[in-house]
4 protein chains.
Amino acid sequence: MARLRSPQKRQAILDAAALEIDATGLGASTARIAKRAAVAEGTLFTYFANKETLLNELYLDIKIELYRLLNSGPSANGTLKERTRHIWTTFLDWAIEFPEKRKVSLQLNMSDLITPETRERVASYSGTVAQTLTELGQQGASRGLPISFASSVLAAMQEVATDFIARQPADRQRLSDLAFEAFWKAVD
Amino acid sequence: MARLRSPQKRQAILDAAALEIDATGLGASTARIAKRAAVAEGTLFTYFANKETLLNELYLDIKIELYRLLNSGPSANGTLKERTRHIWTTFLDWAIEFPEKRKVSLQLNMSDLITPETRERVASYSGTVAQTLTELGQQGASRGLPISFASSVLAAMQEVATDFIARQPADRQRLSDLAFEAFWKAVD
Amino acid sequence: MARLRSPQKRQAILDAAALEIDATGLGASTARIAKRAAVAEGTLFTYFANKETLLNELYLDIKIELYRLLNSGPSANGTLKERTRHIWTTFLDWAIEFPEKRKVSLQLNMSDLITPETRERVASYSGTVAQTLTELGQQGASRGLPISFASSVLAAMQEVATDFIARQPADRQRLSDLAFEAFWKAVD
Amino acid sequence: MARLRSPQKRQAILDAAALEIDATGLGASTARIAKRAAVAEGTLFTYFANKETLLNELYLDIKIELYRLLNSGPSANGTLKERTRHIWTTFLDWAIEFPEKRKVSLQLNMSDLITPETRERVASYSGTVAQTLTELGQQGASRGLPISFASSVLAAMQEVATDFIARQPADRQRLSDLAFEAFWKAVD
DNA sequence: GATGAATGAGGTTTCATTCAT
DNA sequence: TATGAATGAAACCTCATTCAT
């Protein structure tokens, strides 16, 4: 048997890519990513066929991690508001802890690089969160609006809240609470 | 920089840049931008010192145009809700009419290319809109939140609404109305 | 007006390509070709869109020059044998004088790089030579063989003769004469 | 080099190399050759010290096989024409049956990769064919020409005939006969 | 001022070869 | 011996910018 492909090395490349893209944008060079991951330039391409694939895998990796967090905890139990609140809090915790992942995810999402196939793969990891978001879209206030409208508003307001908390970390709890209540009034 | 020969040529380059960036991202080459603007590659650099400057000027140009629209109409009169509604509608009209400008503005805003100076210059064009947004941030529901929170929520929900209208243009009026009311509940 | 693209520079690149390919094969790098032509690496690509195009243009360039030589002189006059003999001699002179062009032409012809379009363009330069070769293919000895058979034999024997003359340059005239007579017996 | 484990594996690599070079030229990568041979990338280098060695061995392998065929059959008996005709037919059969080997052999022969040592080793396998070719070169028509001239013409015309037969396989026998007679007139 | 050819650094990717397993 | 991950030089090509015309 030859050397095995190392999951750690793969992850190191993904992590390096996130940091590098955070620092310099989607134009971040594969050479710099490899260097930051402490592998040779060519090694990157034994783990990812090309840069586009690397970026898609990075997006998937980030989203899977986020969904795993969102789907943990007291999932199916609780009222809709409680479950939505859990999503809200979990997302904010993640976004504050890993600002580079959040930023990279947004940039990749906005770019034309993410393939429909990757989006499908991402969706397959949504788990019980999807059910909560669907319920959210069927509430009274969303009458006449597409089902996914409420979850889009949730995502948008999470981003807003994250931005403000990042600027005023000391007020984290209060900002999170107030922003969530504002959100809830919009969709309830 | 001396006074420039042809304002039309300058604007042609900015317009071409917006279209090209919309099509291929911030990595759009100056050569392609020049070609689309029907000027020589070198000419671009007589109007803009370098690519970064071009992108900053493009951002400024887009924002100025948007602010000009937002500040037109029955500005100071009317209730806060009416004035906010005017902003909402005007933005959506603009975003639907010029999707490439909206997209480019978002991409530039998220990138690290826009300098603090540019942001200041942008702010200097905000006009009476700023007053309305300030009032919005001082309303009851925003108690305890930063003043700019409400306007950030406004911007975020405008984006969400634009996305949904872009996908269902036939429902434009209804989606706009319902989304605005949802927004208003959040901040009122 | 800006600087004009220089035909000399273009030709310098083609010449450098021929020498470089002669020395190291079709894998000759564009960097080395550019260096030998005394232009920057990037300059090569302002004259030729890519390496494949460069090689096709090189093939065309070589063939055009050869056809120009073959079509000069007392073309339409003389017997078929005299005209064929003119082709024979002219080719040998060229092949001995420019061995690298001959070799590169053979290598390119054998590779899969030359497009049908290039071959058509080459054919359009064949001029009166084509008429002579056609007549050659219609002679008695070629009965039952494709028309182009005789000209293929001519080309093949020219190559053989060139090889021997290259190894025994002192016997040039005699080898050429004897080889031509051998050829003529084959097709007459 | 010690005795090699598996002659089959060695031959599989050589066969794969021929096919791969036929498909993509001398630039064919060792990785693809190994893959086609169903061995690991590194294994290729346990059988051949490096790529250049592999190509030399491939050339030798092809030539040995061809000489083995040419030297089979009613070798020493028969007239010179009959023996030459045997070479002619045998070569054509081989070239039509293994077009990729013929093409690769030509490409390698023209490249600068084949060492003098390899050419010597090839020559050592020529067997009784060498005698026939020598006799051919001593015939009347070749007076004044190098001894090897006739055999070079033979090889050249075999190539021409092969090309035409490849394009008109239905006329194989007739084309072969006529072309051989044309050849014979040249050297007899 | 306008042009676009010229530049060479830097981008992505391939590749022959090595070497840990 | 066999494997295939690891390597980094080198390949082709793009690009922002300069500058001769």
Side-chain angles (χ1 to χ4, degrees), chain A residues 1-6 9-10 27-35 37-55, chain B residues 1-6 9 24 27-35 38-55, chain C residues 1-6 9-10 27-35 37-54, chain D residues 2-6 9 24 27-35 38-55:
Chain A
M1 289 292 146
R3 226 171 312 181
L4 291 175
R5 219 163 345 182
S6 138
K9 208 163 279 188
R10 192 191 122 98
S29 81
T30 53
R32 286 178 64 93
I33 292 169
K35 185 166 215 174
V39 299
E41 289 182 45
T43 300
L44 188 150
F45 294 95
T46 68
Y47 286 86
F48 304 96
N50 50 45
K51 190 180 179 182
E52 192 189 341
T53 300
L54 166 62
L55 296 182
Chain B
M1 290 290 136
R3 268 305 113 221
L4 293 167
R5 258 304 194 257
S6 159
K9 213 166 270 189
T24 61
S29 79
T30 53
R32 285 179 63 98
I33 292 169
K35 183 165 208 175
V39 300
E41 290 181 46
T43 301
L44 187 151
F45 292 94
T46 69
Y47 287 87
F48 305 95
N50 50 44
K51 190 180 179 182
E52 193 190 341
T53 301
L54 166 62
L55 295 182
Chain C
M1 288 294 146
R3 226 172 313 182
L4 292 176
R5 219 167 338 185
S6 136
K9 209 163 277 185
R10 193 191 121 98
S29 81
T30 53
R32 285 178 65 93
I33 292 168
K35 186 166 214 172
V39 299
E41 288 183 46
T43 300
L44 187 150
F45 295 97
T46 68
Y47 286 86
F48 305 96
N50 50 46
K51 190 181 179 181
E52 192 190 341
T53 299
L54 166 62
Chain D
R3 267 305 112 220
L4 294 167
R5 256 307 192 259
S6 159
K9 213 167 272 190
T24 61
S29 79
T30 53
R32 286 179 63 99
I33 292 169
K35 183 165 207 175
V39 301
E41 291 180 45
T43 301
L44 187 151
F45 291 94
T46 68
Y47 286 87
F48 305 95
N50 50 43
K51 190 180 178 182
E52 194 190 339
T53 300
L54 166 62
L55 296 182

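The chains referred to below are lettered A, B, ... by the order of the sequence lines, with proteins before strands, and numbering in each begins at 1.
Taking atom NZ of residue D/Lys35 and atom P of nucleotide F/dT3, one finds them 14 Å apart after rounding to whole Å. As a whole-Å value, the separation of B/Leu54 CG from F/dA16 P is 10 Å. In this structure, the CZ atom of A/Phe45 is 13 Å from the C1' atom of F/dA11, given to the nearest Å. Between C/Leu44 atom CG and F/dC13 atom C1' the separation is 10 Å, expressed in whole Å. When rounded to the nearest whole Å, the span between CD1 of C/Ile33 and P of F/dA10 equals 17 Å. Summarising the geometry, the separation between CD on D/Glu52 and P on E/dA16 is reported as 13 Å, rounded to the nearest angstrom.
The side chain of D/Tyr47 contributes no N or O atom lying less than 4.0 Å from OP1 or OP2 of F/dT1. An OP1 or OP2 oxygen of E/dG1 is reached within less than 4.0 angstrom by no side-chain nitrogen or oxygen of B/Thr46. When the side-chain nitrogen and oxygen atoms of C/Thr43 are compared with OP1 and OP2 of E/dT7, one or more of them lie within a distance under 4.0 Å. Here B/Thr30 does not reach the OP1 or OP2 of F/dC15: none of its side-chain N or O atoms lies under 4.0 Å away.
For F/dT18, the paired nucleotide is E/dA5, the pair qualifying as Watson-Crick or G-U wobble because both relevant distances are below 3.5 Å. With a cut-off of 3.5 Å on both Watson-Crick or G-U wobble distances, the partner of F/dA10 is given as E/dT13.
Remark: the C/Glu41 side chain and the F/dC13 base include a donor-acceptor N/O pair separated by less than 3.5 Å.
Backbone-only engagement by B/Ala28 is indicated by non-hydrogen atom pairs under 4.0 Å involving sugar-phosphate atoms exclusively. B/Lys9 comes within contact range of the sugar-phosphate backbone alone, with a heavy-atom separation under 4.0 Å but no base atom that close.
In this structure, D/Ala40 and D/Ala34 approach most closely via the heavy-atom pair O-CB, 3.8 Å. Nearest heavy atoms, B/Asn50 versus B/Phe45: CA-CE2, 3.9 Å. Counting all heavy atoms, side chain and backbone alike, A/Val39 lies closest to A/Leu44 at CG2-N, 4.5 Å.
Rounded to the nearest 0.5 Å, atoms OG (C/Ser29) and CD (C/Glu41) are 8.0 Å apart. From A/Leu55, atom CG reaches atom OG1 of A/Thr30 across 10.0 Å, with rounding to the nearest 0.5 Å. Here the straight-line distance linking atom CG of B/Leu54 with atom NZ of B/Lys51 works out to 8.5 Å at 0.5 Å rounding.
For A/Ala40, counting side-chain heavy atoms from C-beta on, the closest listed nucleotide (E/dT7, F/dT3, F/dT7) is F/dT7. Looking at the side chain of A/Arg3, the nearest of the listed nucleotides E/dT3, E/dT17, F/dA6 is F/dA6. When each of F/dC13, E/dA2, F/dT21 is scored by its nearest atom to the side-chain atoms of C/Asn50, the top-ranked nucleotide is F/dC13. Minimum atom distance to the side chain of B/Ser29 is reached by F/dC15, of the listed F/dC15, E/dA6, E/dA2. Nearest to the side-chain atoms of B/Lys51 among the listed nucleotides F/dG4, F/dT17, F/dC13 stands F/dT17.
Looking at which nucleotide of DNA chain F each of A/Gly42 and B/Arg32 is closest to, the 5′-most match is held by A/Gly42.
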